Amino acid sequence: MKKDNLYMRQALKQAEYARDEGEVPIGSVIVYQGKVIAKSYNQVERLKDPTAHAEILAITQAASYLKVKWLKKCRLYVTVEPCSMCAGALILARIDKVVFGAVDPKTGAFGSKVDINKLGLNHNLKVKKRVLEKKCADILKDFFKKKRKSDFNKKLINQV
């Protein structure tokens, strides 16, 4: 439990980097044998790439670091429940376990919208939900609240 919180705090730090760059604040880290081997955050806007989610970028880093295509003994910590694209990548990477903070009722693929583990694919992931959930949810809520306010102000200025 304490280790899960420690690694989730590192993922939250990555989410803060995303927020500070104007990206949706989602961060992730991958741990192998008690060591963080990859860390990333959403970079969709920066890279102009809809697949540049924190999880995808971390998978690429971890595979490169270990020089393998399957991350069998690795755990992914991510601030928000992965979407179906990321869940599929995690299956293909053979990640052992996913630990996430906030649930995502709109696109979550580990029980909120769909459950990828119930599809009968060639690999199932262990899942732990709601680790530091409030902190993980709050960074997202604050980001979108500010974004909506900014968008509203831009509309007002354009109407003048």
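Bear in mind that the values here come from a model prediction, so they are computed numbers and not experimental data.
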Name every donor-acceptor pair, under 3.5 Å, that has one atom in a side chain of residues 83-100 and the other anywhere in the protein, sequence neighbours excluded.
unit_1	atom_1	unit_2	atom_2	d
Arg94	NH1	Leu92	O	3.3
Asp96	OD1	Lys126	NZ	3.2
Asp96	OD2	Lys126	NZ	3.4

Is there side-chain contact between [X] and [Y], with at least one heavy-atom pair below 4.5 Å?
X: Asp4; Y: Arg75; value: yes
X: Met8; Y: Cys136; value: yes
X: Ile116; Y: Phe110; value: yes
X: Ile139; Y: Glu16; value: yes

Among Lys129, Lys135, Arg130, the one residue meeting side chain to side chain donor-acceptor pair (under 3.5 Å) with Glu133: Arg130
Worked verdict on Tyr7 versus Lys39 for side-chain hydrogen bond (donor to acceptor under 3.5 Å, both in side chains): CA-CA 10 Å; Tyr7 295 129; Lys39 44 188 162 180; over 6 Å; no
Please output the side-chain donor-acceptor pairs of residues 46-54 that fall under 3.5 Å, not counting sequence neighbours, one pair per line with the distance.
unit_1	atom_1	unit_2	atom_2	d
Arg46	NH1	Gln43	OE1	3.0
Lys48	NZ	Glu45	O	2.8
Asp49	OD1	Thr51	N	2.8
Asp49	OD1	Thr51	OG1	2.7
Asp49	OD2	Thr51	OG1	3.2
His53	NE2	Pro50	O	3.3

Kindly give the heavy-atom pair with the smallest separation between [X] and [Y], and that separation in Å.
X: Ile30; Y: Cys74; answer: CG2-CB, 3.8 Å
X: Ala58; Y: Ser40; answer: N-CB, 3.9 Å
X: Pro25; Y: Arg19; answer: CB-CB, 3.8 Å

[X] with [Y], same ILVMFWY side-chain cluster at under 4.5 Å:
X: Val127; Y: Val78; answer: yes
X: Val68; Y: Leu76; answer: yes
X: Trp70; Y: Tyr32; answer: no
X: Val31; Y: Val131; answer: yes
X: Leu132; Y: Phe143; answer: no

Spacing of Leu66 atom CG and Ile37 atom CD1 [to the nearest 0.5 Å]: 4.0 Å
Pairwise distance CD(Gln14) to OG1(Thr79) - rounded to 0.5 angstrom: 10.0 Å
Flag for Ser28-Glu55: side-chain donor and acceptor within less than 3.5 Å: no
Test item: side-chain donor near acceptor, Tyr77 and Lys128, under 3.5 Å: no
N/O donor-acceptor pair under 3.5 Å between Tyr41 side chain and Leu12 backbone: no
Asp104 side chain vs Ser112 backbone, donor-acceptor pair below 3.5 Å: no
Within 6.0 angstrom of Tyr17 OH, more than 12 heavy atoms from elsewhere: no
